[in-house]
Amino acid sequence: MSGYTSVTGDERREMLAAIGVSSVEELFDVPAGVRLDRDLDLPDGLTEAEVYERMRDLAARNADAESEICFLGAGMYDHYAPAIVDAIVSRSEFLTPYTPYQPEISQGGLQAMFEFQTAMTELTGLPLSSAGLYEGPSTVAAAGYLAIGATKRRRFVVSGGVNPESRDTLATYSAGYPAQVATVPLADGLTDLDALAEAVDSETAAVFVQYPNFVGAIEDLEAIAAVAHDAGALLIAACDPIALGILRAPGDAGVDIAVGEGQPLGNRLDYGGPSFGFFCATEAQIRRMPGRIAGETTDVDGRRGFVLALQTREQHIRREKATHNICTAQALNALGGMIYLSWLGRRGLVELGELLVRRTHYARETLAAVDGVSLLHDQPVVREFAITFDAPVGRVLDHCASAGIAAGVPLAEEYGNGLLVAITEQRTIEQIDRLAEVLGDGIALARSAGAKREEVTA
Amino acid sequence: MSDAVVDPPATAEVPTPMQRDRATTIYERSVPGRRAAAIPASGVPGGDVPIDELIPSRLLRDEPARLPEVSEPEIVRHYNRLSRRNFDLDSGIYPLGSCTMKHNPRINERVAALPGHARLHPAQDPARAQGALELMWSLERSLSEICGLPHVSLQPSAGSHGELAGLLLTRAFHEANGDAGTRTRVLTPDTAHGTNPASVTMAGYEVVKVATNEDGGVDLDDLRAKTDERVACLMLTNPNTLGLFDRNIAEITGIVREAGGTLYYDGANLNAIMGHSRPGDMGFDIVHVNLHKSFSQPHGGGGPGAGPIAVSERIEPYLPVPRIERVEAGSANGSNGDAPHVRFELRGAEDHPASIGRLRGFQGNFGVFVRSYAYILSLGGDGLAEASETAVLNANYLLARMSEGRAGRYLPIAFDRRPMHEFVLSGSEAKKQLDIKTLDIAKRLLDHNMHPPTVYFPLLVDEALMIEPTETETRESLDGFADAVEAILAEAEQDPEIARQAPYTTPVRRLDEAGAARNPVVRQDLG
């Protein structure tokens with residue numbers, strides 16, 4: 001109903017007169033053959049209240065983490081985001097500007113990027129950070145593109161511990177780059193180092209691992225870096241930014257590029273986005289980095305200020321020679337991430353990480369004690385682990401859902417029949433105990449349901 | 001003497017309060033021991049064991065990452081202070097060409113924040129995320145109708161991501177036809193957005209530039225000369241970055257289609273034509289739509305956005321996965337009579353074996369879909385057409401105002417044809433006659449509390465100013481912008497140095513970008 005426009009009928013006539021035409025149609029210098037000679041086949045506009053009602057009804061048909069107990073993870077996690085994140089990122093001054101092409105009136109956004117970059121270099125132990133890319137899996141693909149440019153090689157070796165969605169994304173992009181992708185399996189939850197050494201060769205541009213990996217285990221980055229670097233390949237690690245609060249920084253363990261999904265840092269689940277991706281690298285890659293980077297400088301009077309730095313890497317300057325095609329990214333989400341990191345602070349991030357480790361180990365022991373449940377591996381974990389069981393996963397999940405619990409993410413076939421279970425600080429000991437109870441019932445029921453159903457249908 | 005209707009703003013020697021307030025980072029506010037978050041106790045029965053009993057110490061950090069140590073009030077004050085050092089769309093006219101800086105309705109924010117949207121985990125069982133999938137499916141159908149193409153994937157995260165998707169789709173299409181090996185070239189006009197050629201390279205193709213004719217459109221002779229069996233795709237924006245609708249569009253798409261190439265439409269300028277003309281009807285196969293431009297997703301200072309793609313039948317088999325399927329079954333529960341039971345499913349590569357695969361994690365920037373769908377619901381078909389009409393009216397009115405007086409003299413239009421939602425002026429006369437560059441005009445506009453147009457783009461226009469006011473602006477704000485430019489030019493007639501040294505009133509003045517490029521300082525030295 002509201003087109004969010006202001007021009008009245010009188011104004012329209014006066015403006016048309018000023019232009020020197022008599023109708024708006026005359027302004028559309030569009031050949032007749034490609035003019036749409038009918039109205040769009042879309043419903044009529046709604047009032048604001050009607051829009052709210054329609055959207056509320058749709059939202060009500062989703063089982064969200066407010067209405068059930070959520071043990072889902074696989075890259076995005078139900079952490080508590082403090083109210084200040086919403087309050088600050090909702091401010092018009094952050095919400096509504098474009099990319100900061102005019103630095104004199106964009107100092108707030110540019111400085112926030114600079115602060116974000118600093119925080120991410122601290123977390124990853126690498127000296128360079130972009131101001132943010134789209135999300136986790138596409139940062140993995142972006143790192144591959146950098147590796148091709150840096151090594152002039154076109155082969156990737158990817159650990160089976162990398163999130164299957166990241167591997168799929170890398171494969172999609174690699175059809176274009178082009179590059180070949182080889183996968184190395186896991187052995188007892190960790191990347192099989194012997195298989196890795198065998199797979200990496202003199203044509204390998206990069207080795208990809210995840211830290212902690214998809215099934216929750218903490219890879220030995222240093223050992224993997226040695227394999228990659230011996231062959232002249234880069235080591236790329238997709239990292240969980242919360243886990244980096246307690247784990248050895250990837251840059252200190254020989255990782256060349258650390259990327260990852262930023263959602264755990266104060267961003268909403270939002271059914272998968274928008275969140276942000278982070279991208280950090282060694283100094284050697286400074287001219288190959290993807291995405292915006294803010295840099296510190298001074299103005300003509302000597303005042304401290306910030307600008308978009310190293311723009312000669314970017315598409316709007318370099319066009320076909322750009323290091324990446326990215327333009328609009330996820331600046332507001334990265335700001336949310338920075339506010340969250342400030343809120344946690346130096347000690348809070350460690351405390352959160354340690355809390356996750358303790359509750360996750362507790363959860364793993366508790367679930368392992370459930371009849372029918374096995375652990376996929378018993379490596380140390382930070383916030384997520386994989387269990388297997390001998391019952392249809394869908395039916396077990398349905399049972400848990402009926403008890404108000406989203407018990408976990410079904411494992412892909414390559415890992416086994418089971419679930420990936422994620423813990424956040426919002427998952428209490430009582431909830432974990434309840435999960436064990438419900439999961440045990442679910443497995444028992446699912447095991448017997450098959451037999452019963454056969455009887456009924458017979 | 002100046003006869004400008006606008007009082008020239010200060011060129012004061014005395015710094016403004018904000019200029020005197022030196023930029024301080026959150027790290028510089030940090031005081032050891034301060035904190036905001038309270039982390040609960042683990043509550044693990046039997047008490048906490050040392051962390052290195054659970055994870056070997058060789059895998060652990062020696063020292064915490066040096067994050068700021070600040071209290072909550074300090075965080076709020078810090079980012080509030082930063083926010084005031086930004087200009088934003090809610091503060092005034094923001095006529096950045098090709099960026100479509102239109103109003104961001106707050107109802108969209110409200111519905112995006114509903115817990116059913118904001119706290120919905122992306123790995124939730126699709127059977128328990130039916131509202132989200134129906135929303136996405138409905139948005140797909142709406143974009144299909146607006147673009148005039150039958151199939152849609154919402155997955156790409158931004159326009160450039162949609163471009164890459166389109167080129168990967170093109171590759172898959174040619175592979176299926178057996179000539180991917182020989183089709184190595186992608187045609188783009190020299191007016192194209194920078195993302196186009198960058199995407200072409202990322203997708204493993206070679207860029208071939210097509211010239212612009214004197215009308216501001218694609219040079220047909222040059223296009224014909226460069227179109228052969230090596231062409232994989234033509235990427236085009238229409239109206240193009242000059243704001244001009246290409247009169248030969250049907251012929252252009254015909255030439256490339258005839259030669260076996262695919263047709264890619266960069267939807268950055270879709271705001272000009274919604275409900276008036278459709279890329280599918282022009283002959284395009286693949287269109288990306290910038291939800292953060294035409295469909296009111298706030299730009300966030302550089303994202304988030306989303307770049308859904310709409311495609312033709314011949315491209316459909318290759319669309320990214322997962323895809324949303326609407327399934328109608330007869331009465332699912334038996335007892336419910338004959339009412340069809342509708343459900344929405346996510347389908348992967350097993351159902352779409354020809355798919356190019358996944359372009360990113362999960363299902364896309366769903367929060368952006370919520371906002372854009374709310375926008376489409378608010379406007380309806382008529383409202384979208386009216387938005388485009390007003391955008392075109394506003395641009396032409398502003399052009400009429402800027403064709404008079406000094407702007408007409410010093411900033412002539414680059415291609416003298418009726419533009420649509422944006423137009424491009426050349427600052428070459430201002431440079432020649434007044435000795436001020438387009439950059440100087442842009443910087444002086446900042447002192448008028450207005451965002452400058454896009455400058456120095458498109459590249460083929462000397463000293464370009466690319467102006468897109470959008471339907472959001474009132475006549476008064478358009479007049480205000482024209483008056484401000486007039487005042488700047490009048491002032492420059494008297495003393496060009498004023499513009500050359502501008503801005504004066506912004507939180508910082510002109511910044512040393514060259515120095516930042518030579519000696520990049522891209523993180524704070526924490527010692």
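Quantities reported herein were computed from a predicted structural model and do not represent experimental measurements.
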Side-chain donor-acceptor pair present, [X], [Y], cut-off under 3.5 Å:
| X | Y | value |
| --- | --- | --- |
| Gln124(B) | Asp64(A) | no |
| Glu115(A) | Tyr79(B) | yes |
| Thr328(A) | His299(B) | yes |

Per-residue contact mode, [X] against chain B (heavy atom under 4.5 angstrom):
| X | answer |
| --- | --- |
| Val7(A) | side chain |
| Leu247(A) | both |
| Pro82(A) | neither |
| Ala171(A) | neither |
| Val30(A) | both |
| Asp301(A) | side chain |
| Leu349(A) | side chain |
| Ile84(A) | side chain |
| Ala112(A) | both |

Could you measure the distance from the [atom1] atom of [X] to the [atom2] atom of [Y]? Nearest 0.5 Å is fine.
| X | Y | atom1 | atom2 | value |
| --- | --- | --- | --- | --- |
| Asp168(A) | Leu359(B) | CG | CG | 11.0 Å |
| His324(A) | Thr195(B) | NE2 | OG1 | 12.0 Å |
| Leu511(B) | Gln102(A) | CG | CD | 10.5 Å |
| Tyr52(A) | Ile107(B) | OH | CD1 | 7.5 Å |
| Leu82(B) | Ile339(A) | CG | CD1 | 9.5 Å |
| Ser6(A) | Glu471(B) | OG | CD | 10.0 Å |

Verify, without hydrogens or angle tests, whether [X] (side chain) and [Y] (backbone) share a donor-acceptor contact under 3.5 angstrom.
| X | Y | answer |
| --- | --- | --- |
| Arg475(B) | Glu11(A) | no |
| Glu165(A) | Phe362(B) | yes |
| Tyr101(A) | Leu96(B) | no |
| Asn62(A) | Leu120(B) | no |
| Asn325(A) | Ser160(B) | yes |
| Arg359(A) | Ser42(B) | yes |
| Thr201(B) | Glu320(A) | yes |
| Asp90(B) | Ser92(A) | no |
| Asp44(A) | Gly380(B) | no |
| Arg61(B) | Leu244(A) | yes |

Would [X] and [Y] pass as an ion pair if we require N to O under 4.0 Å?
| X | Y | value |
| --- | --- | --- |
| Asp29(A) | Arg418(B) | no |
| Lys443(B) | Glu104(A) | yes |
| Glu261(A) | Arg360(B) | no |
| Arg91(A) | Asp88(B) | no |
| Asp48(B) | Arg358(A) | yes |

Between [X] and [Y], which heavy-atom pair has the shortest distance, and what is it?
| X | Y | result |
| --- | --- | --- |
| Gln524(B) | Phe114(A) | N-CZ, 3.5 Å |
| Ile26(B) | Ser342(A) | CG1-OG, 3.9 Å |
| His276(B) | Phe28(A) | CG-CE2, 3.5 Å |
| Leu27(A) | Val392(B) | CB-CG1, 3.7 Å |
| Ala123(B) | Val409(A) | CB-CG2, 3.6 Å |
| Ile429(A) | Pro45(B) | CG2-CD, 4.2 Å |

Selection from [options] maximising heavy-atom pairs under 4.5 Å formed with chain B:
| options | answer |
| --- | --- |
| Arg304(A), His361(A), Arg268(A), His316(A) | Arg304(A) |
| Asp270(A), Thr99(A), Leu42(A) | Asp270(A) |
| Leu332(A), Asp299(A), Val382(A) | Asp299(A) |
| Gln117(A), Glu425(A), Arg347(A), Arg318(A) | Arg347(A) |
| Leu310(A), Ile293(A), Ile246(A) | Ile246(A) |
| Leu95(A), Val51(A), Ile286(A) | Leu95(A) |

Out of [options], which one racks up the most heavy-atom pairs below 4.5 Å with chain A?
| options | value |
| --- | --- |
| Ala385(B), Ala374(B), Gly383(B) | Ala374(B) |
| Asp125(B), Thr390(B), Thr454(B) | Thr390(B) |
| Ala36(B), Pro64(B), Pro304(B) | Pro304(B) |
| His103(B), Arg35(B), Gln130(B), Met282(B) | Arg35(B) |
| Ala400(B), Gly367(B), Gly357(B) | Gly367(B) |
| Gly204(B), Gly300(B), Gly148(B), Ala65(B) | Gly300(B) |

* Select one option (side chain, backbone, both, neither) describing which atoms of Ala172(B) are under 4.5 Å from chain A's heavy atoms. =>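 Neither part, no heavy atoms under 4.5 Å.
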* Can Met15(A) and Asn394(B) be said to form a side-chain contact (heavy atoms from CB on, under 4.5 Å), step by step? -> CA-CA 8 Å; Met15(A) 290 165 78; Asn394(B) 277 355; 3.2 Å; yes
* Full working for side chain to side chain donor-acceptor pair (under 3.5 Å) between Glu93(A) and Asn80(B) -> CA-CA 9 Å; Glu93(A) 299 89 337; Asn80(B) 179 52; over 6 Å; no
* Check whether more than 12 heavy atoms from other residues, nucleotides or ligands sit under 6.0 Å from atom CZ of Arg417(B), and answer yes or no. =>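 Counting neighbours around CZ of Arg417(B), more than 12 heavy atoms of other residues, nucleotides or ligands fall under 6.0 Å, so yes.
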* Flag the pair His117(B) / Tyr271(A) as yes when their ring centroid distance falls below 6.0 Å, and as no otherwise. =>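 Aromatic pair excluded; centres sit 6.0 Å or further apart.
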